[in-house]
Amino acid sequence: SPYATDRAYARDVHKNASLPFMEVFVDAPLDVLEERDPKGLYKKARAGKIKEFTGIDAPYEPPESPEVHVRTDILTVAQCVNTILAELDGAGVHLQPTFRQVSDDEL
């Protein structure tokens with residue numbers, strides 16, 4: 001969610017239901033996102049063809065204290081996934097055995 005209030009609501013819902021919650025900030029600079037954009041949505045938003053596009057003409061409020069923060073412009077996909085899985089495991093959220101760490105070669 002681009003808005004802190006929405007993320008706080010999700011955290012509260014989980015807490016009130018006695019469910020674990022972990023905020024994961026999958027982060028990359030805007031210029032990197034624009035370079036990776038296969039559908040050209042950022043280009044369309046900058047041209048005014050898409051309104052209220054997050055990061056262009058609609059705000060994005062970065063998480064202030066996420067439990068996990070991965071930078072996709074620095075880390076590989078496998079490193080990001082493995083970081084998230086390790087944090088989940090460390091928090092006692094043990095995923096089914098079908099989820100496993102992956103290597104960059106497997107992607």
Side-chain angles (χ1 to χ4, degrees):
S1 170
Y3 299 105
T5 54
D6 293 338
R7 293 189 300 269
Y9 175 75
R11 184 180 295 275
D12 288 343
V13 167
H14 281 77
K15 181 180 177 182
N16 292 337
S18 298
L19 295 171
F21 182 84
M22 182 176 289
E23 184 172 27
V24 178
F25 182 16
V26 180
D27 185 11
L30 185 58
D31 63 314
V32 172
L33 298 175
E34 291 187 66
E35 287 173 22
R36 292 178 180 167
D37 182 18
K39 295 181 181 178
L41 298 177
Y42 283 96
K43 186 175 182 177
K44 289 177 184 176
R46 289 205 181 273
K49 295 177 182 176
I50 300 174
K51 302 293 183 196
E52 297 297 313
F53 197 82
T54 302
I56 304 298
D57 62 348
Y60 177 74
E61 300 168 353
E64 292 181 12
S65 299
E67 285 78 10
V68 183
H69 183 178
V70 292
R71 290 278 309 264
T72 64
D73 61 318
I74 297 171
L75 302 173
T76 65
V77 171
Q79 290 171 321
C80 292
V81 168
N82 293 335
T83 298
I84 294 165
L85 290 174
E87 290 294 326
L88 287 168
D89 195 52
V93 178
H94 304 291
L95 298 175
Q96 297 174 4
T98 54
F99 290 94
R100 61 177 174 75
Q101 292 192 349
V102 296
S103 69
D104 288 324
D105 296 335
E106 294 178 273
L107 299 174

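Rounding to the nearest 0.5 Å places CD1 of Ile56 at 9.0 Å from CG of Leu33. Expressed to the nearest 0.5 Å, how far CG of Leu30 lies from CD of Glu35 amounts to 10.0 Å. Between atom CD of residue Glu67 and atom CD1 of residue Ile84 there is a gap of 12.0 Å, rounded to the nearest 0.5 Å. Atom OG1 of Thr5 and atom CG of Asp12 lie 11.0 Å apart (nearest 0.5 Å). Rounding to the nearest 0.5 Å places NE2 of His69 at 12.5 Å from CD of Glu87.
Tyr9 has its side chain out of reach of Ser1: every pair of non-hydrogen atoms, C-beta onward, lies at least 4.5 Å apart. Residues Cys80 and Val26 have side chains not in contact (no heavy-atom distance under 4.5 Å, counting atoms from C-beta outward). Looking only at side-chain heavy atoms (C-beta outward), Asp27 and Thr72 stay at 4.5 Å or farther from each other. At a threshold of 4.5 Å between non-hydrogen side-chain atoms, the residues Pro66 and Arg7 do not count as touching.
Between Pro2 and Pro59, the closest heavy-atom pair is CB-O, 3.8 Å. The minimum heavy-atom distance linking Leu75 with Gln79 is given by the pair CA-OE1, 3.3 Å.
Transitive grouping of hydrophobic side chains (ILVMFWY, heavy atoms separated by less than 4.5 Å) brings Met22 and Val70 into a common cluster. Taken together through direct or relayed side-chain contacts under 4.5 Å among Ile, Leu, Val, Met, Phe, Trp and Tyr, Val81 and Val68 form part of one hydrophobic cluster. A continuous path of hydrophobic side-chain contacts links Leu88 to Val77 [ILVMFWY only; heavy atoms under 4.5 Å].
Among residues at least two apart or in separate chains, side chain to side chain donor-acceptor pair (under 3.5 Å) pairs with a member in residues 42-63 are Glu34-Arg46.
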